[in-house]
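Below is one structure, written out as structure tokens; comments come after it.
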Amino acid sequence: MGTENSGARNEFFPEDSFKSLGDYGKAFMKTPYRLKDRMFTRSKDYMEIVEMKARSSHQMKKTLNGWDLIWFGIGAVVGSGIFVLTGLEAREEAGPAVVLSYAVSGISALLSVFCYTEFAVEIPVAGGSFAYLRVELGDFVAFIAAGNILLEYVIGAAAVARSWTSYFATLCNKNPNDFRIIFHNMNPDYGHLDPIAVIALIAIATLAVLSTRISSLFNKIATIFHLVVIAFIIIVGLINANPENYASFAPFGTRGVFKASAVLFFAYIGFDAVSTMAEETKNPGRDIPIGLVGSMVIITFIYCSLATTLCLMQNYKTIDVNAPFSVAFSSVGWGWAKYIVALGALKGMTTVLLVNVVGASRYLTHIARTHMMPPWFALVHEKTGTPLNATIAMVTATSVVAFFTDLRILSNLLSISTLTIFVLVAIGILVRRYYSTGVTTKDNQVKLIVCVVLIIGSSCGMSVYRAMSDGWIGWAFSAPLWLLGTGGICLLVPQAKKPKVWGVPLVPWLPSFSIAINIFLLGSIDKDSYVRFGIWSGILLIYYFLIGLHASYDASKEVESRHTMAQYVDKEINNVEEECKN
């Protein structure tokens, strides 16, 4: 028994710091030194592409092309966000102007897509934004992002799974609560238990671990069916349109439009999962830009069209928040059509769950490769070529959250996490282009830091002012500072690195605007969600200081030692060869 426990422990914590309680005590006493090392140590491209991948024992199979990624992109994104949150935000926050909310969120998402695409082409690994931030902003920032990435995927899949139950109930002509276990003495945000959501997650996870290629084929077929249903909704919905429903277009004003936009950003979440598939893509330099940018343009058009159709069919005050499109068809006398809508929504949410599970497991795999999470999660199954352990872990966590938590709680918290990551990725692009060790002078480094601080500070100023006031004074002060920061990088800091294959256009303006709009949307999210986000961030820091910091420090030093030894051996071999020649 003792041997088995030791073996299990070593699989989870094989690092020197965890060999004994005494070793851990010594390591913990060095926390300040190790934290400083991890905060200022940046990974290298080749480390993520070669060294990290080697830690998974087996390679993931390269089976995907550009069209596969487009289908994955659409399948990953078009789900419960449009079919559930559209009704919720139109009724309570934006009215018919919810179409503008989708447009704002879509622009923000597209800017982030450009940033992700450059990174995914240059660093085609399963780690996605986590790997990108390790290279550009260092281990500590990457870990904070990693925790939020995992939170994003858990909450995102949980929210979709609960929405799956709602549309399944509509298909069965039942109320969603008929399929839930309700505890009346519990907080309603956590007291409606959802076993159907858990069953759906387990079934989809089973498909995800069998094969990436099979998952891709299933996703393609389901997404085609889904698009046919969406076309049906738009065409038939516009036939039954009532222009009078647009008489009061923005009843809650611009504040309502932006507040809804922050929540509806949830509807665009999922595209980053496509970037995690770069490691399984045949030609990343060609296929990833096609997959990411192409799918996001199509998705934004679909969302704006569906939002317009819904509010033309039914007055925003009477929209059903649980199944808005199905009930809208019933309200115009097409009751039978709600079953087609429900079936299409179910298909869409199924593909969203599938891509979410695939993306989440690959993120966890790469995070575990760095030992910030136990390396047991990094193992790739020899036969299937998929990360089995990581998939099981992520689905288990998601199932627990989906079983208990209400959709509204999930969507707000998810938006904070995702928008924060997108801000960091945009900052990462600026650092990648304008800073390179040994190339960028100290003077230019200081200029870059000052300009980035100006961009972030002015963006925060605009966001806070917008949340507190409808005036223009704050804008008159903050907007010029943003222009000063962005223009400063453009005019005063020379680019230290150019992309080899595909790059973000209009640098630094586009990444800077991405930072501004994402921070702006963060200012529209409610206070309670920030409290929950703060609690989660506190948990992350506790884990990092107690475990993640020491495990990743040991792993990095082991790699450095191995590289130093290899360089020494190469040098000795060269010396011997020179002596032989002489």
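Worth saying up front: this structure is predicted, and the values here are computed from it rather than measured.
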Answer yes or no: is there a side-chain heavy-atom contact under 4.5 Å between [X] and [Y]?
X    : Y    : answer
L310 : P324 : yes
N283 : N65  : no
T351 : F72  : no
S399 : F403 : no
W334 : V236 : yes
C311 : V98  : yes

In chain order, what residues pass the side chain to side chain contact (heavy atoms under 4.5 Å, CB included) check against [X], with sequence neighbours excluded?
X    : answer
T309 : I234, L238, M313
Y543 : F143, M373, P374, I547
I340 : V229, F232, W336
I542 : L546

Please report the closest heavy-atom contact between A426 and C115, naming both atoms and the distance.
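Heavy atoms only, the tightest pair is CA-SG, 4.1 Å.
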Under the rule for side chain to side chain donor-acceptor pair (under 3.5 Å), what residues qualify as partners of S108, not counting sequence neighbours?
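Residues passing side chain to side chain donor-acceptor pair (under 3.5 Å) with S108: N518.
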Among residues at least two apart in sequence or on other chains, which ones pass side chain to side chain donor-acceptor pair (under 3.5 Å) with T398?
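Partners of T398 under the side chain to side chain donor-acceptor pair (under 3.5 Å) test: none.
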Does the R91 side chain pair with the main chain of I319, one donor and one acceptor, at a distance under 3.5 Å?
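Looks like yes, one N/O pair under 3.5 Å.
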Measure from the side-chain N and O atoms of T206 to the backbone N and O of I202, and report whether any donor-acceptor pair falls under 3.5 Å.
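Between the backbone of I202 and the side chain of T206 there is a qualifying donor-acceptor contact (under 3.5 Å).
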So, using ring-ring contact (aromatic ring centres under 6.0 Å, His included) as the criterion, who are the partners of [X] when residues are at least two apart?
X    : value
F130 : none
Y268 : Y303
F258 : F520
F422 : Y116, F265, F271

So, S261 versus S105: side-chain donor-acceptor pair below 3.5 Å or not?
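There is such a pair between these side chains.
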Applying salt bridge (charged side-chain N to carboxylate O under 4.0 Å, His left out) as the test, list every pair that has at least one member in residues 194-204; sequence neighbours left out.
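Qualifying pairs, neighbours excluded: R180-D194.
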For D68, salt bridge (Lys or Arg N to Asp or Glu O under 4.0 Å) partners two or more places apart
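D68 satisfies salt bridge (Lys or Arg N to Asp or Glu O under 4.0 Å) with R213, K220 once adjacent residues are dropped.
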